[in-house]
Amino acid sequence: MTSSFSNLSLAEPLARAVAEMGYETMTPIQEQAIPVVLQGRDVMGAAQTGTGKTAAFALPLLQRMMKHENASTSPARHPVRALVLLPTRELAVQVAEQVKFYAKYTNLNSAVVFGGMDMKPQTAELKKGVEVLVATPGRLLDHIEAKNAVLNQVEYVVLDEADRMLDIGFLPDLQRILSYLPKQRITLLFSATFSPEIKRLASSFLQDPVTIEVARSNATASTVEQHFYSVGADDKRRALHQILKARGIKQAFVFVNSKLGCARLARSLEREGLKTTALHGDKSQDERLKALDAFKKGEVDLLVCTDVAARGLDIKDVPAVFNFDVPFNAEDYVHRIGRTGRAGASGLAVSFAASSDQRLVTDIEKLIKTKIEIEPMEFEEDQPRKEQGRINDGRRMYRETGEQAPREADAAPRERREPRERREYAPRPAARDPFFDKPYESTLAPEAQPAWEEAAKSTSSRSSVSANIKPKKKVAALFKTAA
DNA sequence: AAAAAAC
């Protein structure tokens, strides 16, 4: 029997917010996780994308915090009692909004801190006193080091998208953050994907955890129709146009593997008449938030993005996801296509696989335990390919039709060009630098060292390679090219 | 083969 939120006997202020949200029946992950979190147990929770994981931890957490209000401190001060960590800034914003909504009738304050934006307003917010802090790792460390955030009274830590937070790129920051927290605390990990290694690593962060798996982890939502088409790189745009048209798709995520590819594709599609915006990590944070907002409001139809948008983003009724490139990690496939088919809605996921992507497709097949047929892409006849080539006067022409492209001035207005972006796309070859001749020294703060060493011991050899070794590899590469 | 996360 599925149970409703009303049987939960949530505190009245929370029940009111839940009702306002329109929630009635709990999703399976909510049904299973909420009672366990209310008991104060550590949790490792896996559930498919789009099934309400945020509410599954936020509601019971707020409920407990209301019950044990100011248990450990004087009422005059508001120390951070719950910390929620996320792997991208946009996700931090989204989760913070949700937490704020659930807590709106309680006395609990919440705030969000993330990089790419001015420190000052965040600092001011923190000084007011915040019980629930939502954050991305780097900026949180900044605030900790600036003594804007004191975390020694944290009772709850949530790692959302936990497998990402524990991966090699985030682990050092995460370790440092955890080293500032009391050892006695409740830790909650949530994700749609958990590899066996990550599960093992995760258990070293948890005390006697309850594992909740409402579906096999790594499972895709059954409401998403998935297709793989065999398409060469040059035909992908044509294929995209055709499928959008044939299936009458109004809005879609279009995932690309690199930031440069993302910026280029967005520009091409815009020029080809599609309402498009790009979201990737080389844009300013302001532009990132604006791009996402425009897509949410339906002002643009296509969000061309990197994996910055692969996880967690909850946008209602997006009917389709395109993998313009097959993702390098099979897990990212699960997360990417999880942007559609949310909350029981139906969705379409279309991936373009070049022949060189065969291995990646096999990886995905293994992960989701589903046979993938790569279908041939059949193009409608007499649709001339409009490939553009440079001609002498610098103007462009369409190769196959011979038709000349409009002058820049006549063309549709482009997005404002960013000089910064261009610089980063054309890095100069690295010069030999005396720095690299010195042995690498850890830049970790001394107080973080023990935690770091502990992590190195407890993780697999692959994970322990992280921050210390990488620079050495670079050194080796430099010597090779120099020799 | 890349992206993300701090200045």
(message) Measuring from the side chain of A:Asp142 (C-beta onward, heavy atoms only), which nucleotide among B:dA2, B:dA5, B:dA6 has the closest atom?
(response) B:dA6
(request) With heavy atoms under 4.0 Å as the rule, sort A:Leu360 into base, sugar-phosphate or nothing. (result) base
(request) Would you mind reading off the distance between A:Met117 atom CE and B:dA6 atom C1', rounded to a whole angstrom? (result) 15 Å
(message) Does B:dA4 have OP1 or OP2 under 4.0 Å away from a side-chain N or O of A:Arg89?
(response) no
(request) Would you mind checking if A:Arg164 and A:Asp332 are paired as a salt bridge, meaning a charged N to carboxylate O distance below 4.0 Å? (result) yes
(request) Could you work out which one of B:dA5, B:dA4, B:dA1 sits closest to the side chain of A:Phe328? (result) B:dA1
(request) Side-chain contact test, heavy atoms from C-beta onward, threshold under 4.5 Å: evaluate it for A:Arg237 versus A:Ser268 and give yes or no. (result) yes
(request) For A:Asp307 and B:dA1, give me the distance from atom CG to atom P, rounded to whole Å. (result) 17 Å
(request) Starting from C1' on B:dA4, measure out to CG on A:Asn329 and report it in whole angstrom. (result) 12 Å
(request) Under the salt bridge (charged side-chain N to carboxylate O under 4.0 Å, His left out) rule, collect the residues that match up with A:Arg336, sequence neighbours excluded. (result) A:Asp307
(request) Write down the distance between CD (A:Glu331) and P (B:dA4), rounded to a whole number of angstrom. (result) 18 Å
(request) Name the closest nucleotide to the A:Thr306 side chain, picking from B:dA5, B:dA3, B:dA2. (result) B:dA3
(request) Go through the structure and list residues passing salt bridge (charged side-chain N to carboxylate O under 4.0 Å, His left out) with A:Glu90, not counting sequence neighbours. (result) A:Arg288
(request) Find the distance A:Leu86:CG to B:dA3:P and express it as a whole number of Å. (result) 21 Å
(request) Take the protein atom CD1 of A:Ile177 and the nucleotide atom P of B:dA5, then report the distance between them rounded to whole Å. (result) 13 Å
(request) For A:Arg311, report the nucleic acid contact type (base, sugar-phosphate, nothing); a contact means any heavy atom under 4.0 Å. (result) nothing
(request) Output the single nucleotide from B:dA2, B:dA6, B:dA4 whose closest atom is nearest the side chain of A:Asp332. (result) B:dA2
(message) Output the rounded distance in Å from CG (A:Leu174) to P (B:dA4).
(response) 19 Å
(message) Are A:Phe228 and A:Phe352 an aromatic pair, judged by ring center distance below 6.0 Å?
(response) no
(request) Record whether the side chain of A:Asn257 comes under 3.5 Å of the base of B:dA3 through a donor-acceptor pair of N or O atoms. (result) no
(request) For A:Asp167 and B:dA2, give me the distance from atom CG to atom P, rounded to whole Å. (result) 16 Å
(message) The side chain of A:Arg164 is closest to which nucleotide in this list: B:dA3, B:dA6, B:dA2?
(response) B:dA3
